[in-house]
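For this chain, numbers begin at 1 and follow the sequence in order. Every heavy atom of this structure was used, including side-chain atoms; hydrogens, water molecules and symmetry mates were not.
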Amino acid sequence: MNFAEFAASRKSVRGFTKQAVTKETVDAIINAAKWAPSSYNTQTWKIHAVSGDVLDKIREGNTQRTLTGTPYVRDFPYKEDYDGVHKQRQRDVAMQLFDVMGIAREDKEKRMDWMMRGFRQFDAPVSLVLTYDKALEPAGITQFGLGSLAYGIVLAAWDLGLGCVINGQGIMQSDVVHKHAQIPDSEAIMICIALGYPDETFAANEVRSVRADNEEFVTYHGFQS
(Lines give C-alpha, C1' and ligand atoms only; values in the text may rest on other atoms or scores of the structure.)
Protein backbone atom coordinates (compact mmCIF):
# COMPACT_ATOMS: atom_id res chain seq x y z
CA MET A 1 0.00 0.00 0.00
CA ASN A 2 1.42 3.42 -0.95
CA PHE A 3 1.05 6.44 1.32
CA ALA A 4 -1.94 7.91 -0.54
CA GLU A 5 -3.85 4.64 -0.11
CA PHE A 6 -2.78 4.29 3.52
CA ALA A 7 -3.77 7.86 4.43
CA ALA A 8 -7.16 7.42 2.74
CA SER A 9 -7.73 4.14 4.60
CA ARG A 10 -7.51 5.80 8.01
CA LYS A 11 -10.71 6.81 9.73
CA SER A 12 -11.73 8.12 13.12
CA VAL A 13 -12.51 5.37 15.63
CA ARG A 14 -15.12 6.17 18.29
CA GLY A 15 -15.68 2.73 19.79
CA PHE A 16 -12.94 0.64 21.39
CA THR A 17 -12.51 -2.86 22.75
CA LYS A 18 -11.52 -3.52 26.36
CA GLN A 19 -8.07 -4.68 25.24
CA ALA A 20 -5.39 -2.78 27.11
CA VAL A 21 -2.80 -0.77 25.22
CA THR A 22 0.67 -1.30 26.63
CA LYS A 23 3.10 1.46 27.46
CA GLU A 24 5.48 -0.07 24.90
CA THR A 25 2.85 0.26 22.16
CA VAL A 26 2.16 3.88 23.07
CA ASP A 27 5.89 4.55 23.05
CA ALA A 28 6.24 2.99 19.61
CA ILE A 29 3.46 5.21 18.27
CA ILE A 30 5.09 8.32 19.72
CA ASN A 31 8.50 7.27 18.40
CA ALA A 32 7.07 7.19 14.89
CA ALA A 33 4.98 10.36 15.25
CA LYS A 34 7.74 12.55 16.70
CA TRP A 35 9.32 12.86 13.24
CA ALA A 36 6.53 15.28 12.38
CA PRO A 37 7.80 18.68 11.17
CA SER A 38 7.99 21.69 13.46
CA SER A 39 9.18 25.24 12.88
CA TYR A 40 13.01 25.34 12.98
CA ASN A 41 12.85 21.82 14.41
CA THR A 42 11.87 23.37 17.75
CA GLN A 43 9.63 20.40 18.66
CA THR A 44 7.62 22.59 20.99
CA TRP A 45 5.26 19.83 22.05
CA LYS A 46 4.67 17.68 25.10
CA ILE A 47 2.55 14.56 25.49
CA HIS A 48 0.88 13.29 28.65
CA ALA A 49 -0.17 9.67 28.09
CA VAL A 50 -3.06 8.85 30.41
CA SER A 51 -4.71 5.53 31.21
CA GLY A 52 -6.18 3.48 34.06
CA ASP A 53 -7.43 5.17 37.22
CA VAL A 54 -6.12 8.58 36.14
CA LEU A 55 -8.16 8.50 32.94
CA ASP A 56 -11.22 7.26 34.85
CA LYS A 57 -10.98 10.27 37.17
CA ILE A 58 -10.81 12.60 34.17
CA ARG A 59 -13.88 10.94 32.65
CA GLU A 60 -15.75 11.30 35.94
CA GLY A 61 -14.79 14.96 36.37
CA ASN A 62 -15.67 15.84 32.79
CA THR A 63 -19.03 14.09 33.06
CA GLN A 64 -19.98 15.64 36.39
CA ARG A 65 -19.11 19.18 35.31
CA THR A 66 -20.86 18.86 31.97
CA LEU A 67 -24.06 17.47 33.46
CA THR A 68 -24.15 20.25 36.07
CA GLY A 69 -23.73 22.92 33.40
CA THR A 70 -20.25 24.10 34.31
CA PRO A 71 -19.03 26.46 31.56
CA TYR A 72 -16.30 25.10 29.32
CA VAL A 73 -12.74 26.04 30.26
CA ARG A 74 -9.98 25.88 27.64
CA ASP A 75 -6.34 26.90 27.80
CA PHE A 76 -6.39 28.91 24.56
CA PRO A 77 -8.90 30.98 22.56
CA TYR A 78 -11.26 28.76 20.61
CA LYS A 79 -14.13 29.35 18.20
CA GLU A 80 -16.94 27.18 19.55
CA ASP A 81 -19.39 27.68 16.67
CA TYR A 82 -18.62 27.30 12.98
CA ASP A 83 -20.41 29.08 10.13
CA GLY A 84 -21.11 28.47 6.45
CA VAL A 85 -19.51 25.48 4.73
CA HIS A 86 -17.58 24.55 7.89
CA LYS A 87 -20.81 24.28 9.86
CA GLN A 88 -22.34 22.22 7.07
CA ARG A 89 -19.44 19.76 7.10
CA GLN A 90 -19.81 19.44 10.86
CA ARG A 91 -23.51 18.68 10.43
CA ASP A 92 -22.86 16.22 7.60
CA VAL A 93 -20.55 14.01 9.64
CA ALA A 94 -22.93 14.20 12.62
CA MET A 95 -25.76 13.02 10.36
CA GLN A 96 -23.60 10.14 9.13
CA LEU A 97 -22.86 9.11 12.71
CA PHE A 98 -26.43 9.49 13.98
CA ASP A 99 -27.74 7.50 11.01
CA VAL A 100 -25.54 4.44 11.60
CA MET A 101 -26.10 4.66 15.36
CA GLY A 102 -29.87 4.89 14.95
CA ILE A 103 -30.12 8.21 16.77
CA ALA A 104 -33.21 10.11 15.64
CA ARG A 105 -33.16 13.89 15.51
CA GLU A 106 -35.87 14.12 18.17
CA ASP A 107 -34.27 11.53 20.48
CA LYS A 108 -32.74 13.87 23.04
CA GLU A 109 -31.69 11.06 25.37
CA LYS A 110 -29.60 9.25 22.76
CA ARG A 111 -28.16 12.52 21.46
CA MET A 112 -27.09 13.44 24.99
CA ASP A 113 -25.57 9.99 25.52
CA TRP A 114 -23.60 10.38 22.29
CA MET A 115 -22.32 13.80 23.35
CA MET A 116 -21.23 12.46 26.74
CA ARG A 117 -19.12 9.78 25.04
CA GLY A 118 -16.84 12.57 23.88
CA PHE A 119 -16.44 13.90 27.40
CA ARG A 120 -15.61 10.35 28.50
CA GLN A 121 -12.83 10.18 25.90
CA PHE A 122 -15.02 7.72 23.98
CA ASP A 123 -14.29 5.15 26.70
CA ALA A 124 -10.89 4.53 25.10
CA PRO A 125 -8.21 2.82 27.21
CA VAL A 126 -5.68 5.60 26.52
CA SER A 127 -5.82 9.35 26.07
CA LEU A 128 -2.85 11.29 24.74
CA VAL A 129 -3.01 14.87 25.97
CA LEU A 130 -0.97 17.26 23.82
CA THR A 131 0.34 20.41 25.49
CA TYR A 132 2.81 23.26 25.00
CA ASP A 133 4.55 25.71 27.31
CA LYS A 134 2.54 28.89 27.83
CA ALA A 135 5.81 30.82 27.61
CA LEU A 136 5.61 30.22 23.84
CA GLU A 137 2.43 32.30 23.45
CA PRO A 138 1.34 33.76 21.10
CA ALA A 139 1.49 30.17 20.02
CA GLY A 140 0.19 29.95 16.45
CA ILE A 141 3.30 28.29 15.04
CA THR A 142 3.56 26.03 18.10
CA GLN A 143 -0.04 24.92 17.64
CA PHE A 144 0.78 24.18 14.00
CA GLY A 145 3.52 21.84 15.23
CA LEU A 146 1.15 20.06 17.60
CA GLY A 147 -1.23 19.55 14.70
CA SER A 148 1.56 17.88 12.74
CA LEU A 149 2.34 15.67 15.72
CA ALA A 150 -1.32 14.74 16.15
CA TYR A 151 -1.58 13.61 12.52
CA GLY A 152 1.59 11.58 12.96
CA ILE A 153 0.07 9.91 16.01
CA VAL A 154 -3.16 8.85 14.31
CA LEU A 155 -1.26 7.49 11.29
CA ALA A 156 1.30 5.64 13.42
CA ALA A 157 -1.49 4.11 15.50
CA TRP A 158 -3.41 3.06 12.39
CA ASP A 159 -0.27 1.39 11.05
CA LEU A 160 -0.13 -0.76 14.20
CA GLY A 161 -3.80 -1.72 14.05
CA LEU A 162 -5.04 0.81 16.62
CA GLY A 163 -7.59 3.55 16.11
CA CYS A 164 -7.80 7.15 17.26
CA VAL A 165 -10.16 10.06 17.32
CA ILE A 166 -9.05 13.65 17.85
CA ASN A 167 -11.13 14.62 20.86
CA GLY A 168 -11.83 18.27 21.60
CA GLN A 169 -14.57 17.49 24.12
CA GLY A 170 -12.13 15.63 26.34
CA ILE A 171 -10.28 18.83 27.21
CA MET A 172 -13.24 21.23 27.39
CA GLN A 173 -12.87 21.13 31.18
CA SER A 174 -9.13 21.65 31.10
CA ASP A 175 -8.73 22.13 34.84
CA VAL A 176 -10.03 18.58 35.37
CA VAL A 177 -7.35 17.25 33.02
CA HIS A 178 -4.67 19.45 34.63
CA LYS A 179 -5.57 18.15 38.08
CA HIS A 180 -5.73 14.41 37.48
CA ALA A 181 -2.96 14.15 34.86
CA GLN A 182 -0.77 16.44 37.00
CA ILE A 183 -0.16 18.80 34.11
CA PRO A 184 1.46 21.98 35.45
CA ASP A 185 -0.28 25.32 35.00
CA SER A 186 2.70 26.45 32.93
CA GLU A 187 1.51 24.15 30.12
CA ALA A 188 -1.49 24.81 27.88
CA ILE A 189 -3.58 21.82 26.88
CA MET A 190 -4.09 21.85 23.11
CA ILE A 191 -6.05 18.68 22.37
CA CYS A 192 -6.36 15.05 23.37
CA ILE A 193 -6.46 11.91 21.27
CA ALA A 194 -8.51 8.87 22.30
CA LEU A 195 -6.55 5.73 21.45
CA GLY A 196 -7.26 2.00 21.49
CA TYR A 197 -8.10 -1.11 19.52
CA PRO A 198 -11.17 -0.61 17.30
CA ASP A 199 -14.38 -2.40 18.22
CA GLU A 200 -15.48 -3.79 14.86
CA THR A 201 -19.05 -4.25 16.15
CA PHE A 202 -19.46 -0.55 17.00
CA ALA A 203 -21.55 0.93 14.19
CA ALA A 204 -20.01 4.42 14.23
CA ASN A 205 -16.64 2.92 13.32
CA GLU A 206 -18.05 2.24 9.86
CA VAL A 207 -18.28 5.97 9.16
CA ARG A 208 -15.69 7.53 6.91
CA SER A 209 -15.98 11.30 6.69
CA VAL A 210 -15.98 12.97 3.28
CA ARG A 211 -13.20 15.22 1.99
CA ALA A 212 -13.75 18.21 -0.29
CA ASP A 213 -12.46 18.15 -3.86
CA ASN A 214 -9.15 19.97 -4.29
CA GLU A 215 -10.88 22.59 -6.44
CA GLU A 216 -12.76 23.79 -3.37
CA PHE A 217 -9.68 24.80 -1.40
CA VAL A 218 -6.61 24.81 -3.67
CA THR A 219 -5.53 27.71 -5.88
CA TYR A 220 -2.58 27.18 -8.24
CA HIS A 221 -0.26 30.06 -9.17
CA GLY A 222 2.36 30.10 -11.92
CA PHE A 223 1.84 26.56 -13.21
CA GLN A 224 1.96 26.05 -16.98
CA SER A 225 -0.89 23.55 -17.06
Side-chain angles (χ1 to χ4, degrees), residues 1-22 25-37 47 49-51 55 59 82 85-105 110-111 113-130 144 146-172 190-218:
M1 184 182 298
N2 63 34
F3 178 75
E5 293 171 335
F6 176 70
S9 76
R10 187 205 64 83
K11 57 185 177 181
S12 292
V13 171
R14 298 175 174 86
F16 303 89
T17 69
K18 299 294 185 181
Q19 182 178 351
V21 180
T22 66
T25 299
V26 173
D27 209 45
I29 290 168
I30 294 172
N31 263 331
K34 70 184 181 184
W35 292 99
I47 301 174
V50 183
S51 189
L55 183 51
R59 293 190 227 274
Y82 292 102
V85 67
H86 307 118
K87 183 69 173 180
Q88 187 59 52
R89 290 170 183 159
Q90 182 185 31
R91 287 173 175 166
D92 288 346
V93 74
M95 289 174 63
Q96 285 181 272
L97 291 165
F98 288 171
D99 182 54
V100 299
M101 292 296 293
I103 302 174
R105 185 179 183 86
K110 284 188 176 180
R111 289 169 72 93
D113 179 69
W114 179 259
M115 182 186 76
M116 295 309 300
R117 288 182 62 84
F119 289 101
R120 297 198 311 266
Q121 315 267 353
F122 292 90
D123 299 324
V126 174
S127 177
L128 301 181
V129 184
L130 276 55
F144 169 84
L146 266 74
S148 298
L149 178 67
Y151 188 48
I153 287 170
V154 300
L155 288 181
W158 194 247
D159 186 48
L160 294 179
L162 287 86
C164 295
V165 62
I166 305 293
N167 181 17
Q169 288 171 299
I171 51 91
M172 281 175 147
M190 182 82 208
I191 199 69
C192 66
I193 302 173
L195 169 71
Y197 291 95
D199 179 355
E200 301 299 341
T201 68
F202 190 72
N205 287 346
E206 299 175 8
V207 170
R208 187 178 302 281
S209 54
V210 178
R211 293 297 183 270
D213 293 334
N214 289 7
E215 290 78 6
E216 294 187 35
F217 64 94
V218 180

A.B. asks: Starting from the C-alpha separation in whole Å, work towards a yes-or-no answer on side chain to side chain contact (heavy atoms under 4.5 Å, CB included) for I166 and V154.
C.D. replies: CA-CA 8 Å; I166 305 293; V154 300; 3.9 Å; yes
A.B. asks: Where do G196 and V21 come nearest, in terms of heavy atoms and distance?
C.D. replies: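 Scanning both residues, the minimum pair turns out to be CA-CG2, 3.9 Å.
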A.B. asks: Report the distance from atom CD of E206 to atom CE of M101, rounding to the nearest 0.5 Å.
C.D. replies: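 Atom-to-atom, E206:CD and M101:CE are 10.0 Å apart.
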A.B. asks: Could you go through the side chain to side chain contact (heavy atoms under 4.5 Å, CB included) check for L128 and V26 one step at a time?
C.D. replies: CA-CA 9 Å; L128 301 181; V26 173; 3.9 Å; yes
A.B. asks: On a heavy-atom basis, which atom in P198 and which in T17 lie closest, and how many Å separate them?
C.D. replies: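 Smallest interatomic distance, heavy atoms only, reads O-CG2, 3.4 Å.
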A.B. asks: Find out whether K18 and Y197 are in side-chain contact, i.e. whether some heavy atom of one side chain is under 4.5 Å from a heavy atom of the other.
C.D. replies: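 When only atoms from C-beta onward are counted, Y197 and K18 do not touch, as no gap falls below 4.5 Å.
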A.B. asks: For residues Q121 and G170, report the shortest heavy-atom separation together with the two atoms involved.
C.D. replies: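 Nearest heavy atoms, Q121 then G170: NE2-O, 3.4 Å.
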A.B. asks: For V13 and G163, which heavy atoms make the closest approach, and how far apart are they?
C.D. replies: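 So the minimum-distance heavy-atom pair works out to CG2-CA, 3.7 Å.
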A.B. asks: Say whether, by atom type as modelled, one donor and one acceptor occur between the side chain of R14 and the main chain of C164 under 3.5 angstrom.
C.D. replies: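 Judged by distance alone, no pair lies under 3.5 Å.
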A.B. asks: Is it the case that the side chain of R89 and the backbone of A212 share a donor-acceptor pair, with hydrogens and angles ignored and the cut-off at 3.5 Å?
C.D. replies: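 It does not hold such a pair.
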A.B. asks: Rounded to the nearest 0.5 Å, what separates atom CD1 in I29 from atom CG in L195?
C.D. replies: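 Between I29 CD1 and L195 CG, I get 4.5 Å after rounding to 0.5 Å.
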A.B. asks: Given 3.5 Å as the limit, does a donor-acceptor pair link the side chain of D213 with the main chain of E215, or not?
C.D. replies: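 The answer is no, because no donor-acceptor pair under 3.5 Å joins these two groups.
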A.B. asks: So, do L130 and I153 sit near enough that their side-chain heavy atoms are less than 4.5 Å apart?
C.D. replies: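 Counting from C-beta outward, L130 and I153 do come under 4.5 Å.
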A.B. asks: Enter the distance from S209:OG to Q90:CD here, rounded to the nearest 0.5 Å.
C.D. replies: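 Answer rounded to 0.5 Å: 12.5 Å.
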A.B. asks: Is there a side-chain contact between I47 and L149 in this structure, where contact means two heavy atoms from C-beta onward sitting under 4.5 Å apart?
C.D. replies: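 When only atoms from C-beta onward are counted, L149 and I47 do touch, with a gap below 4.5 Å.
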A.B. asks: For A104 versus R111, what's the shortest heavy-atom pair and its separation?
C.D. replies: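 Taking every non-hydrogen atom into account, O-CD, 3.8 Å.
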A.B. asks: Tell me, do D199 and F16 make a side-chain contact under 4.5 Å, heavy atoms counted?
C.D. replies: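 With C-beta onward as the side chain, the pair stays apart.
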A.B. asks: Does the side chain of V207 come within less than 4.5 Å of D99's, by heavy atoms?
C.D. replies: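 No, their side chains stay 4.5 Å or more apart.
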A.B. asks: Could you tell me whether a side-chain N or O of N205 sits under 3.5 Å from a main-chain N or O of G15, the two making a donor and an acceptor?
C.D. replies: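 Yes; judged by distance alone, with no hydrogens or angles, the pair exists.
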A.B. asks: Using modelled atom types only, decide if a donor and an acceptor are shared between the side chain of S51 and the backbone of P125 within a distance under 3.5 Å.
C.D. replies: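 Yes, the answer is positive, given that a donor and an acceptor are paired below the 3.5 Å cut-off.
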A.B. asks: Could you grab the distance from atom CZ of F217 to atom CZ of R211, nearest 0.5 Å is fine?
C.D. replies: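 Interatomic distance, F217 CZ to R211 CZ, rounded to 0.5 Å: 9.5 Å.
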A.B. asks: Taking all non-hydrogen atoms of both residues, which atom of A194 and which atom of A124 are closest, and how far apart?
C.D. replies: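 Between these two residues, the closest heavy atoms are CB-CB, 3.8 Å.
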A.B. asks: Mind checking whether D159 and L155 have side chains closer than 4.5 Å, heavy atoms only?
C.D. replies: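 Counting from C-beta outward, D159 and L155 never come under 4.5 Å.
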A.B. asks: Can you tell me how far CD1 of I171 sits from CD1 of I193, rounded to the nearest 0.5 angstrom?
C.D. replies: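 Here the rounded value is 11.5 Å.
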A.B. asks: What I'd like to find out is whether the side chain of M115 reaches to under 4.5 Å of the side chain of Q169, using heavy atoms alone.
C.D. replies: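 Yes - at least one pair of side-chain heavy atoms lies under 4.5 Å apart.
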A.B. asks: Output the distance between atom CZ (R117) and atom CG (N167), rounded to the nearest 0.5 Å.
C.D. replies: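 It is 11.0 Å, given to the nearest 0.5 Å.
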A.B. asks: Treating R208 as the side-chain partner and S9 as the backbone partner, does any N or O pair qualify as donor plus acceptor under 3.5 Å?
C.D. replies: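 Yes: the side chain of R208 pairs with the backbone of S9.
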A.B. asks: Does a sphere of radius 6.0 Å around CZ in F144 hold more than 12 heavy atoms from other residues, nucleotides or ligands, not counting ones at 6.0 Å or beyond?
C.D. replies: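 For F144, atom CZ is not crowded (no more than 12 foreign heavy atoms under 6.0 Å).
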A.B. asks: For W114 and F98, take the angle between the two ring planes, folded into 0 to 90°, and tell me which bin it lands in: parallel under 30, tilted 30 to 60, perpendicular over 60.
C.D. replies: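 Perpendicular: the ring planes of W114 and F98 meet at over 60°.
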A.B. asks: Consider only side-chain N and O atoms of Q96 and D92, and report whether a donor and an acceptor are under 3.5 Å apart.
C.D. replies: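 Distance-only check fails for Q96 and D92.
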